[in-house]
Amino acid sequence: MIDFAEMEKLIGKVLPGGAARILPYEDWLMSDAVCAVPAANGAHPIWAYLAPMAGLGLTWGEFFAFAGAQADDGPMLGEIDIEIREPLQTDVPYRAEGEIIDVKRKSGRALGVFDLLTFRVDLLLGERRVATSTQSIIFPRRG
């Protein structure tokens, strides 16, 4: 099990970030997948989660490695909070910037010891923050 002192050092870690663009055909496919009518004046709101994650500059495997874990360890999505400040658009050059903002070690009856890592990803257009996704990942700590 990773030492919790090592986990605490992750607080404030800036994630690589990068470019994010919602392509019109991707928005059409997403709308079709969730049985929504494609928006005439913007992209489907689900992109407020997907675009920041796609532009984060990391695979999930790389992200899990920060926490001393891998996919086989069974990390799970904890909570997610999404703030949309303005409607997202297709074919616009967004930028994603992220940071790890908190870690906690907890214990539960069903899961045993686990770490809860919370991170935030902002979706920016120029200097404007258009959406923010704050979420936690649960890392079971067996052994």
Side-chain angles (χ1 to χ4, degrees), residues 1-108 110-141:
M1 178 180 335
I2 188 171
D3 183 61
F4 188 65
E6 291 300 310
M7 287 294 293
E8 287 181 308
K9 290 178 185 176
L10 293 174
I11 297 172
K13 179 176 183 56
V14 175
L15 303 172
R21 186 179 294 261
I22 305 163
L23 298 176
Y25 84 91
E26 291 173 324
D27 185 54
W28 184 89
L29 288 170
M30 179 58 66
S31 294
D32 187 56
V34 298
C35 299
V37 175
N41 61 347
H44 190 280
I46 192 74
W47 290 106
Y49 171 74
L50 296 173
M53 294 309 297
L56 195 52
L58 292 169
T59 66
W60 278 113
E62 292 167 332
F63 186 84
F64 296 160
F66 289 142
Q70 54 189 351
D72 290 348
D73 297 328
M76 298 167 272
L77 182 62
E79 295 180 351
I80 185 165
D81 180 65
I82 297 174
E83 176 189 3
I84 302 173
R85 293 180 157 216
E86 60 185 72
L88 301 181
Q89 303 297 316
T90 60
D91 226 10
V92 170
Y94 293 110
R95 187 175 78 255
E97 293 181 353
E99 175 183 12
I100 296 173
I101 58 174
D102 194 24
V103 294
K104 292 182 174 117
R105 179 150 290 169
K106 295 186 170 198
S107 181
L111 195 56
V113 176
F114 63 94
D115 290 338
L116 188 65
L117 184 148
T118 304
F119 66 104
R120 183 189 70 246
V121 184
D122 293 318
L123 191 63
L124 304 152
L125 182 57
E127 296 303 313
R128 290 193 331 267
R129 183 168 40 110
V130 298
T132 299
S133 172
T134 304
Q135 57 191 292
S136 60
I137 304 293
I138 301 165
F139 292 97
R141 301 302 189 188

Trace of the side-chain contact (heavy atoms from CB on, under 4.5 Å) decision for Phe139 with Val113: CA-CA 9 Å; Phe139 292 97; Val113 176; over 6 Å; no
4.5 Å side-chain heavy-atom contact, [X] and [Y]:
X	Y	result
Thr90	Leu23	no
Met53	Leu50	no
Arg105	Phe114	no
Leu111	Ile138	yes
Leu58	Phe66	yes
Ile100	Thr118	no

Residue pair Ile101, Ile11: steps toward the side-chain contact (heavy atoms from CB on, under 4.5 Å) verdict: CA-CA 5 Å; Ile101 58 174; Ile11 297 172; 6.0 Å; no
* To do: Let me see the working for Lys104 and Asp115 under salt bridge (Lys or Arg N to Asp or Glu O under 4.0 Å), right down to the final yes or no.
  => CA-CA 6 Å; Lys104 292 182 174 117; Asp115 290 338; over 6 Å; no
Any donor-acceptor pair under 3.5 Å linking the side chain of [X] with the backbone of [Y]?
X	Y	answer
Asp3	Ala5	yes
Arg21	Asp91	yes
Ser133	Val121	no
Asp27	His44	yes
Tyr49	Asp81	no
Asp73	Gln70	yes

For a quick test of reading the model, state the closest non-hydrogen atom pair linking [X] to [Y] and the distance between them.
X	Y	result
Ala67	Arg141	O-NH2, 2.6 Å
Ala96	Pro52	CB-O, 3.5 Å
Ala20	Ala51	CB-O, 3.5 Å
Gly57	Pro16	O-CG, 3.8 Å
Tyr94	Pro87	OH-O, 4.3 Å

Between atom [atom1] of [X] and atom [atom2] of [Y], what is the distance when rounded to the nearest 0.5 Å?
X	Y	atom1	atom2	answer
Leu116	Met76	CG	CE	10.0 Å
Ile2	Phe4	CD1	CZ	10.0 Å
Leu123	Ile84	CG	CD1	10.0 Å
Glu97	Leu124	CD	CG	5.0 Å
Leu77	Gln135	CG	CD	6.0 Å
Thr132	Asp122	OG1	CG	4.0 Å

*Aromatic rings Phe63 and Phe119: how do their planes relate, parallel, tilted or perpendicular, breaks at 30° and 60°?*
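Taking Phe119 first and then Phe63, their aromatic rings sit tilted (interplane angle of 30° to 60°).
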Trp28 atom CH2: more than 12 heavy-atom contacts under 6.0 Å | no
| said: Other residues, nucleotides and ligands only: do more than 12 of their heavy atoms fall within 6.0 Å of CD on Glu79? | reply: no
Note to self: Pair Leu88, Val130 - check side-chain contact (heavy atoms from CB on, under 4.5 Å), show working.
What the structure shows: CA-CA 7 Å; Leu88 301 181; Val130 298; 3.7 Å; yes
